[in-house]
Visitor: 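Here it is, the structure, as structure tokens.
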Amino acid sequence: MNNAEDKLLDLTAAVRRYVTDGCHLSIGGFTINRNPMAAVYEIMRQRVRNLHLYAHSNGQGVDELIGAGCVAALEIAYAGSGRFAPTCIRFRKAVEAGTVAVEDYSNYQMTLRFLAGAMGLPFLPTRSALGSDIIKKWGFRASRRKSDPRLPNHKLVVIDNPFEGWGNAQRLVLVPAIQPDVTILHVQQADRQGTVRIEGLPFTDVEQAKSARHVIVTCEELVATDRLREEPERNQLPFFCVDAVVPVSMGAYPTACYRHYDYDPVYLNNYRQAALDDDRYPDYLDEFVYGVESHEALLDRIGIDQLSRIQADPRTGYAVGLDRR
Amino acid sequence: MNNAEDKLLDLTAAVRRYVTDGCHLSIGGFTINRNPMAAVYEIMRQRVRNLHLYAHSNGQGVDELIGAGCVAALEIAYAGSGRFAPTCIRFRKAVEAGTVAVEDYSNYQMTLRFLAGAMGLPFLPTRSALGSDIIKKWGFRASRRKSDPRLPNHKLVVIDNPFEGWGNAQRLVLVPAIQPDVTILHVQQADRQGTVRIEGLPFTDVEQAKSARHVIVTCEELVATDRLREEPERNQLPFFCVDAVVPVSMGAYPTACYRHYDYDPVYLNNYRQAALDDDRYPDYLDEFVYGVESHEALLDRIGIDQLSRIQADPRTGYAVGLDRR
Amino acid sequence: MPDYTGREMMAIAAARQINDGDIVFCGTGISMLAAMAAKHICAPSSVIFFETGAVDSRLEEVPLAVADSRVMYGTAVNGSLADSFAVMQNPWTGRRVVGIMGAAQIDPYGNLNSTVIGDYSRPRVRFSGSGGACDVASFVGRTIIFMQHEKRKFVRQVDYLTSPGWLGGPGQREKKGLSAGGPAAVITNLALMGFDTQTRKMFLQGCFPGVTPRQILDNMSFEVDISRSREIAPPSEEELRILREVCDPQRLILN
Amino acid sequence: MPDYTGREMMAIAAARQINDGDIVFCGTGISMLAAMAAKHICAPSSVIFFETGAVDSRLEEVPLAVADSRVMYGTAVNGSLADSFAVMQNPWTGRRVVGIMGAAQIDPYGNLNSTVIGDYSRPRVRFSGSGGACDVASFVGRTIIFMQHEKRKFVRQVDYLTSPGWLGGPGQREKKGLSAGGPAAVITNLALMGFDTQTRKMFLQGCFPGVTPRQILDNMSFEVDISRSREIAPPSEEELRILREVCDPQRLILN
């Protein structure tokens, strides 16, 4: 995190600098929207290993990183890609095979965990999950937690309300902060300094970024600082939170980017078929990830016809009438 | 809080319905900006008494309510109006005379207290004020707190970090939630349903509104719902949080409203002179508050010449070159 | 009587449970259709609300996920996840929220599993996990649950308690520190199940047309009271028209 | 040597304490002028930052309060109070923040009072209260304090400890749970005071031109080490030009 005026970097260099073997990584987006897919594919191509991955409800990005064997441990609320994969497929297979360690939280708990990190707090309280197995059952054992200084000693802690019933609450769950080594977001606009504008729903991207030691932002459009500052109300992340700005056209593809393009149902259905079939999956990786040298090359392979089908309608922000079967 | 399509109400009726003797009231704005002054003056004219008032750094609104004798107790971080009154004058006099009970917090603590209320939590943690008298010295005694169900039993509670040093914190302060009976905001735009758009800095208005049982919004412009929904990213408060929408032109006067008008240095300097002089202060109230029947009548008394001097420049959002001595 | 599918019946049965003025928390899939249909059928001023932060979305097309760009269009506010869950945990707004959700397993008290089948540390089947379901189930005034009526899904005890229902029975939610709300209805491909206000146990509230109480019991791993069952009215032509022509003309969810 | 006022000297002395790259938390009044001047004098890529949530404001005119509309113009982000204090409590950003603040009383460890003179429950004089000062003093990497050099303001013990400085001495902040940062300098109308890195006690770092160490001691209720004092350079013509012509041409703060 710095204020240097110019943080422009290319994607290969940004991933190489900040996403190292064994690092604690968080990626923005939600299910099939605004996943930082260009960065995800670059991480896969760089064969980064043993990632400790944090997400709340990240679908496609999580599943691809797990599928490529980049992930050793995962803390998550939801691994699904909407109708395209109600449960992410490579995620499911890896957990059932025991090759990825998982710690489950609820979506609000994960949000609060990033928020706690962003606020510089060790924890935040909530009433969510009292009485549930999310509190009782731990994915990472106590011994593992105690021996790793990058993990809190407890998954969750339940306390009595020290204000004795104030706020009509007898008991609270405390969720521990997350401080990732690096968070990667894909957004609509950024300037060279790193100020960020997200259009549509921001999900938990802002909290994920502020909780992290380093932040990589990939963006559809690199915008002049003066233009972003004409309407500061629409900007969410100040430049001093950001380390690297990487313009990547269609950088969330095959997930959606509001007001730019929709998710690609053809790619996602094709992915599902490949993911379901252990024999075909390596071919998918070879063809669409390892076999292309950049995101631009992937988009070339998909072709202008398909990409033009998912271009967003300027009125609604998505591709009206797109065949999504 | 309801969804009724049309929540338009006139100011007299809105104040009469929601701001009753002894109620717990919170007002938005900060020092000399976006105080809901039209509503404040209406509360004064209705001679509401024994208010329990919450603010973070509200200057002019707090001082006028105290000056008119509406306030019995105050929880606040900062009572000042910038260069016009580094300490609010009627506030200072009332506290020194012992006629208003005060509980002091820091600005972030007050923010977190509203946020806790908005989040439906009894408290939120922070590291602010450890080792200070804000923790040690209570304005409201323990006996008073225990006997009033609308006050938490403790001003603040300090706990050891249950996550044993996680987040580099040994100790945390827990600040208790505020749930006002009513919050009043003044904003730039709202629709009849109650969706709110604030321009420039939102301060803590959004949290103050969401923490309250009832919300009155006064607005410069009543805008069509469809227009607000063209850019939902710029709206902060959904309609289901709001009870009453009251269009009041220059409703923050004599404080500022970004992109509409500046604060009025003439009025604020005149106010300061009157506030400093116990003999003159009743004349101020008679002339500018009780002696006018509405905010519109106050503006008429001020006159178009002075009001035009403080009109905002469309480029900057304030009155460029205004004589502010 | 018009022809209709089981999924259509489920969507309509759920839509009828929504009251005018409700803030409707929608998950992915059929719950969105139910919420969309309710606005046209019985609850014109209900508010469609997503955990992703979208408030009162103008759904011109059916979203395929709660983060679909379609939920972002024409909203009152495009908030964050932190905002949306706070609406549900907040006492004033939370009590007005009705949550609609699905799960892999349900027990007699409406506790839900959407995490694993088998042992948590070595699951036989892994599902998506809670998402916002546990949060909604913890916070809001009322939840409606979609389930397929199968023995392996209606179980005495869930393998993993993801989303709290009535927990172990009356008073348990309050004791644990949850909101006073809880499961109100389970809508399956065969029936509408309610929860007894005294015992908090599931009972058969009504069968869909042509379904017998016996069939219901045959498709569950636990017994329920069937004495209060009545036949549910089939979808009307108008209800079907709305569902098919307005809500999901491409049959993305209905098929 | 150009003519200048005490206030001008204070503003320049503070501006010189700001490093390039600092995120500068400004209060009302002279601290804003110091931050504005620093960007032209020594720290072009410092960032002006207000507790109200404005980041990197384009200050074409001097604001008269931290909520003045002038701080909202041309910012990178117009955030909320919750956002701004989180920047300071956050370890990565907070350590880069330098906070500038004033107070009614200060003790030898830089603890500040801006709440009351006299007993808290029956104050002789009431001030504005903490505002964001206590938060900033609790969180950030470094604070700079403005004070008038008077016996009643430099006191052995503050009547009310509003904003924690070094508390009771070395290790006390960490023990109480505060950030590792703390007071770095006190800038008065007469001198620049520092804090010893071992004892955390205030010492005289330098006198303004024409001021003697004796005068400093005469205007304080406690003793400080004066052995390390050096004379502070007066404002240069360029520094004064910036302050007078660029920052506050109306002399709203300077007078």
Side-chain angles (χ1 to χ4, degrees), chain B residues 29-34 56-57 59 76-84 86-88 91-92 95-96 98 104-109 111-112 115 126-134 137 139 168-172 200-204 206-207 256 258 262-263 312 316-318 320-321 324-325, chain D residues 28-29 50-54 60-61 63-74 78-82 85 88-89 91 111 115-116 120-135 137-139 160-164 167 172-179 250 252-253 255:
Chain B
F30 196 113
T31 60
I32 50 172
N33 210 312
R34 247 180 354 81
H56 44 93
S57 290
I76 199 165
Y78 186 82
S81 295
R83 218 229 16 206
F84 298 97
T87 299
C88 285
F91 158 82
R92 174 171 60 71
V95 178
E96 290 169 6
D104 274 279
Y105 291 91
S106 73
N107 226 343
Y108 191 39
Q109 288 179 337
T111 299
L112 292 174
L115 182 58
T126 173
R127 288 183 287 139
S128 179
L130 286 160
S132 80
D133 282 338
I134 291 177
K137 296 187 179 170
N168 202 22
Q170 299 308 321
R171 211 162 278 106
L172 284 303
L201 295 170
F203 308 130
T204 302
V206 174
E207 293 85 353
Y258 188 57
D262 219 322
Y263 43 83
T316 60
Y318 56 82
V320 173
R324 294 181 289 147
R325 282 167 298 186
Chain D
T28 309
F50 295 98
E51 67 188 291
T52 43
E60 297 185 355
E61 299 186 0
L64 296 187
V66 294
D68 193 313
S69 297
R70 284 154 190 80
V71 308
M72 305 180 189
Y73 171 64
N78 275 332
S80 66
L81 267 70
F85 288 110
M88 296 189 266
Q89 195 174 222
N111 300 302
T115 304
V116 293
Y120 180 60
S121 60
R122 275 314 238 162
R124 250 185 316 119
V125 186
R126 171 73 211 200
F127 299 109
S128 62
S130 159
C134 170
D135 307 307
S138 297
F139 298 150
Y160 183 101
L161 200 168
T162 311
S163 303
L167 295 174
Q172 286 288 303
R173 285 180 65 91
E174 293 79 348
K175 204 180 141 202
K176 285 288 179 188
L178 299 175
S179 79
Q250 280 197 59
L252 292 166
I253 306 288
N255 279 0

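A, B, ... follow the sequence lines: proteins, then strands. Residue 1 opens every chain.
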Visitor: Name the region of B:Ser106, side chain, backbone, both or neither, that has any atom closer than 4.5 Å to a heavy atom of chain D.
Guide: both
Visitor: If you count heavy-atom pairs under 4.5 Å with chain B, which of D:Ser128, D:Ser121, D:Pro91 comes out on top?
Guide: D:Ser128
Visitor: What part of B:Ala129 is in contact with chain D, defined as an atom under 4.5 angstrom from a non-hydrogen atom: side chain, backbone, both or neither?
Guide: both
Visitor: Could you check whether D:Ser130 and B:Asn107, counting side-chain N and O atoms only, form a donor-acceptor pair closer than 3.5 Å?
Guide: no
Visitor: Name the region of B:Tyr105, side chain, backbone, both or neither, that has any atom closer than 4.5 Å to a heavy atom of chain D.
Guide: backbone
Visitor: Between OG1 of D:Thr52 and CZ of B:Phe203, what distance do you get to the nearest 0.5 Å?
Guide: 6.5 Å
Visitor: Find out whether D:Leu81 and B:Phe30 are in side-chain contact, i.e. whether some heavy atom of one side chain is under 4.5 Å from a heavy atom of the other.
Guide: yes
Visitor: Do D:Phe85 and B:Thr126 come within less than 4.5 Å of each other through their side chains, counting heavy atoms only?
Guide: no
Visitor: Could you tell me which of B:His56, B:Lys137, B:Gln109 has the largest number of non-hydrogen atom pairs under 4.5 Å with chain D?
Guide: B:Lys137
Visitor: Rounded to the nearest 0.5 Å, what's the gap from CZ on B:Arg324 to CZ on D:Arg70? Could you check?
Guide: 4.0 Å
Visitor: Can you tell which part of B:Val206 gets under 4.5 Å to a heavy atom of chain D, answering side chain, backbone, both or neither?
Guide: neither
Visitor: With a 4.0 Å cut-off, would you call B:Arg83 and D:Asp68 a salt bridge?
Guide: no
Visitor: Give, for atom CZ of B:Arg325 and atom CD of D:Gln250, the distance between the pair rounded to the nearest 0.5 Å.
Guide: 6.0 Å
Visitor: Just give me the residue among B:Glu96, B:Arg171, B:Arg92 that pairs up with chain D most often, heavy atom to heavy atom, under 4.5 Å.
Guide: B:Glu96
Visitor: Is B:Asp262 in contact with chain D via its backbone, its side chain, both, or neither, using a 4.5 Å heavy-atom distance?
Guide: side chain
Visitor: Are D:Cys134 and B:Ser128 close enough that some pair of their side-chain heavy atoms sits under 4.5 Å apart?
Guide: yes
Visitor: Considering only heavy atoms, which portion of D:Pro63 lies under 4.5 Å from any heavy atom of chain B: side chain, backbone, both, or neither?
Guide: backbone
Visitor: For D:Tyr160, is it the side chain, the backbone, both, or neither that has a heavy atom closer than 4.5 Å to a heavy atom of chain B?
Guide: both
Visitor: Need one label for D:Phe127: side chain, backbone, both or neither, based on atoms under 4.5 Å from any heavy atom in chain B.
Guide: both
Visitor: What residue in B:Thr31, B:Thr111, B:Asn168 has the most heavy-atom pairs under 4.5 Å with chain D?
Guide: B:Thr111
Visitor: Measure B:Pro202 against the heavy atoms of chain D and call it side chain, backbone, both or neither at under 4.5 Å.
Guide: both
Visitor: How long is the span from the CG atom in B:Asn33 to the CE atom in D:Met72, to the nearest 0.5 Å?
Guide: 4.0 Å
Visitor: Using heavy-atom distances under 4.5 Å, tell me whether B:Tyr263 contacts chain D through its side chain, its backbone, both, or neither.
Guide: side chain
Visitor: For D:Arg124, which atoms come within 4.5 Å of any heavy atom of chain B: side chain, backbone, both, or neither?
Guide: backbone
Visitor: Do you know which of D:Gly132, D:Ala67, D:Ser80, D:Ala65 has the most heavy-atom pairs with chain B at a distance under 4.5 angstrom?
Guide: D:Ala67
Visitor: Can you tell me which portion of D:Glu51 sits under 4.5 Å from chain B's heavy atoms? Options are side chain, backbone, both or neither.
Guide: side chain
Visitor: To the nearest 0.5 Å, how far apart are NZ in D:Lys175 and CG in B:Leu130?
Guide: 13.0 Å
Visitor: For D:Ser138 and B:Arg127, work out which heavy atoms get closest and say how close.
Guide: CB-O, 4.0 Å
Visitor: When you measure from the side chain of D:Glu61 to the backbone of B:Val320, do you find a donor-acceptor pair of N or O atoms at a distance under 3.5 Å?
Guide: no
Visitor: Answer yes or no: is there a donor N or O on one side and an acceptor on the other, between the side chain of B:Gln170 and the main chain of D:Glu174, under 3.5 Å?
Guide: no
Visitor: Find out whether B:Tyr108 and D:Met88 are in side-chain contact, i.e. whether some heavy atom of one side chain is under 4.5 Å from a heavy atom of the other.
Guide: no
Visitor: Kindly indicate whether the side chain of D:Thr115, heavy atoms from C-beta on, has any atom under 4.5 Å from the side chain of B:Asp104.
Guide: yes
Visitor: To check you understand the geometry: which heavy-atom pair defines the closest contact between D:Glu60 and B:Thr316, and what is its length?
Guide: OE1-CG2, 4.1 Å
Visitor: As a quick check of understanding, evaluate side-chain contact (heavy atoms from CB on, under 4.5 Å) for D:Val71 and B:Leu201, giving each step before the final call.
Guide: CA-CA 9 Å; D:Val71 308; B:Leu201 295 170; 3.8 Å; yes
Visitor: To the nearest 0.5 Å, tell me how far B:Tyr258 OH sits from D:Asn78 CG.
Guide: 6.0 Å
Visitor: Measure distances from D:Asn255 to the heavy atoms of chain B and classify the residue's part below 4.5 Å as side chain, backbone, both or neither.
Guide: neither
